[in-house]
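Residue numbering restarts at 1 for every chain, and letters A, B, ... go by the order of the sequence lines. As a basis for the values below, the full set of heavy atoms in this structure was taken, side chains included, without hydrogen atoms, waters or symmetry mates. Just so it is clear, the model here is predicted, and its values are computed rather than measured.
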Amino acid sequence: MGLELYLDLLSQPCRSIYIFARTNNIPFEFKHVELFKDSVLGKKPAAASGAERPRTGPCLSCAEDPTSGCSTPGPSNSEGDGKISLLKKVPVLKDGDFTLAECTAILLYLSRKYNTPDHWYPSDIKKRAQVDEYLSWHHANIRANAPKTMWIKVLIPLFTGQPQPSEKLQEVMEGLSTSLKQFEERFLQDKAFIIGSEISLADLVAIVELMQPVGVGCDIFEDRPRLMEWRRRVEEAVGKELFFQAHEMILNIKELSNIQIDPQLKEHLAPVLMKMLK
Amino acid sequence: MSGRCVQPPTAELRVPVGEHRTEEFRKVNVLMKVPALRDGSFTLAESVAILMYLTRKFKTPDHWYPSDLQKQARVDEYLSWQQAHIRGKGSKLFVTKMLIPILTGQPLPPEKVEGATEELNVVLSQFEEKFLQDKPFIVGNDISLADLVALVELMQPVAAGYNLFEERPKLAEWRRRVEEAVGKQLFQEAHEEILNAKNVSADKIAPELREHFKQQLLKQVN
């Protein structure tokens, strides 16, 4: 049993891992987890533990940022706590009996184990620090708002049956705008990529997050030529075909509205989701 | 603690309240936040990035950020998870219970504090069950960056008056071990200010900054 990656390409962290592994020809078994189909219908077993019990109750900590997937990290990936992620566990890496969660940790593990080209996570300590700095800042900034666009425009209406008021989206877009400004001023500046002339993990993590609003119709690249240029460079660097393949699902997100959701689950989740947006 | 205590030459930069928003400081960190590192013309923000830079530049003992692939991954995993969880909820409680009342002169409604406390309790359980488990430290037998970052974050809600170690003996034991590993005196010294935070009064902060902080923090907890 070789390397297994449990991923749902609707999720941004999953896309960065998928693209990274594929572009570096890292051999892995793609364990496709369909967050909304499987969790929602409660049919498939948990991705990483193999337990077959159906789930009950959402995991509140996941409600904070459901698209991150509630990973169960640590050496034993058991689900004995009974309080299971509504959204399964993605991304998760399994390498023999070693299980790992958290996108950054997985990307770094892959870059080290498979000795990927230096530019992804440079050995030069200053350049490396710049990647670390971006990855850290990204969490609290870009990732604070970009995912919400999908929740507001697609997922919450799907679960609650009602569209969201435009002020909510407005607020999120404003927050995202502020982050994008900082992204351009502090991180990208006039460089080709975040740390200079070559792509690194920082660019990859950034781009997949920014494709989320694009997928739901909020094209944040439209009025930002510098960002648009950077995006084009990133796509080329990883390979256009791979990039689009990884983003196919999110770019066709409207199809998600055709999913049947268990009405009981809908009822259960609606208040949790509404709370999330407060 | 095993290994010698590295004392790299450093200048002390004390940043009085609000000074991180001045033009001078902007040169150190354009995002105007602390912590910030400047090493010659190289500037760096984000505590995790700074910690990792320091371990590499000063070649600190291996246990801080192990070279073993899997152990290193566990440290990375914790440092990533903690942002939205231990750090997120610990800060939220600190802000809700202590900082906003200092800035506004009045406490927030009790439900807000209770809510923030509950959220922290949830992540504390996750921390114990998934990260610490029955090990002496998060990544095995030695202290690492994960433990250091975890404990300093947990001291925030403690400073706000929530003694989260009181009914969690496993956590209290771990705390004791971490304090010993870094050195009790150093640990106390580092926490002196925050543990006396309740003595900070709003008039130490310039009025316009006070308003700015207030708005930011209120947004954060709502």
Of the backbone (N, CA, C, O) and the side chain (C-beta and beyond), which part of Gln70(B) lies under 4.5 Å from a heavy atom of chain A, both, or neither? both

Could you tell me whether a side-chain N or O of Gln83(B) sits under 3.5 Å from a main-chain N or O of Ser136(A), the two making a donor and an acceptor? yes

CG/Leu79(B) to CD/Glu102(A) distance, rounded to the nearest 0.5 angstrom? 10.0 Å

More than 12 heavy atoms of other groups within 6.0 Å of Lys181(A) NZ: no

Heavy-atom distance under 4.5 Å to chain B: side chain of Leu108(A), backbone, both or neither? side chain

For Tyr53(B) and Ile125(A): C-alpha separation, side-chain torsions, deciding distance, then whether side-chain contact (heavy atoms from CB on, under 4.5 Å) applies. CA-CA 7 Å; Tyr53(B) 178 78; Ile125(A) 65 169; 3.7 Å; yes

Flag the pair Phe98(A) / Arg74(B) as yes when at least one side-chain heavy-atom distance between them is below 4.5 Å, and no otherwise. yes

Here the pair of heavy atoms bringing Ala129(A) nearest to Ala49(B) is O-CB, 3.9 Å

In terms of heavy-atom pairs under 4.5 Å with chain B, which of Ala140(A), Ala105(A), Ala144(A) leads? Ala105(A)

Would you check, one step at a time, whether the test side-chain contact (heavy atoms from CB on, under 4.5 Å) holds for Arg112(A) with Asp76(B)? CA-CA 13 Å; Arg112(A) 289 162 182 150; Asp76(B) 291 332; 3.0 Å; yes

Run Ile106(A) and Glu77(B) through side-chain contact (heavy atoms from CB on, under 4.5 Å) and show every step you take. CA-CA 8 Å; Ile106(A) 292 172; Glu77(B) 188 183 54; over 6 Å; no

Tell me, out of Val48(B), Leu69(B), Ile50(B), who's got the most heavy-atom pairs with chain A below 4.5 Å. Leu69(B)

NZ of Lys126(A) to CZ of Arg56(B): how many Å apart, nearest 0.5 Å? 14.0 Å

For Arg87(B), I'd like to know if atom CZ has over 12 heavy atoms of other residues, nucleotides or ligands within 6.0 Å. no

Glu133(A) side chain vs Ala45(B) backbone, donor-acceptor pair below 3.5 Å: yes

Show your reasoning for whether side-chain contact (heavy atoms from CB on, under 4.5 Å) applies to Phe42(B) and Gln130(A). CA-CA 10 Å; Phe42(B) 178 64; Gln130(A) 287 178 307; 4.3 Å; yes

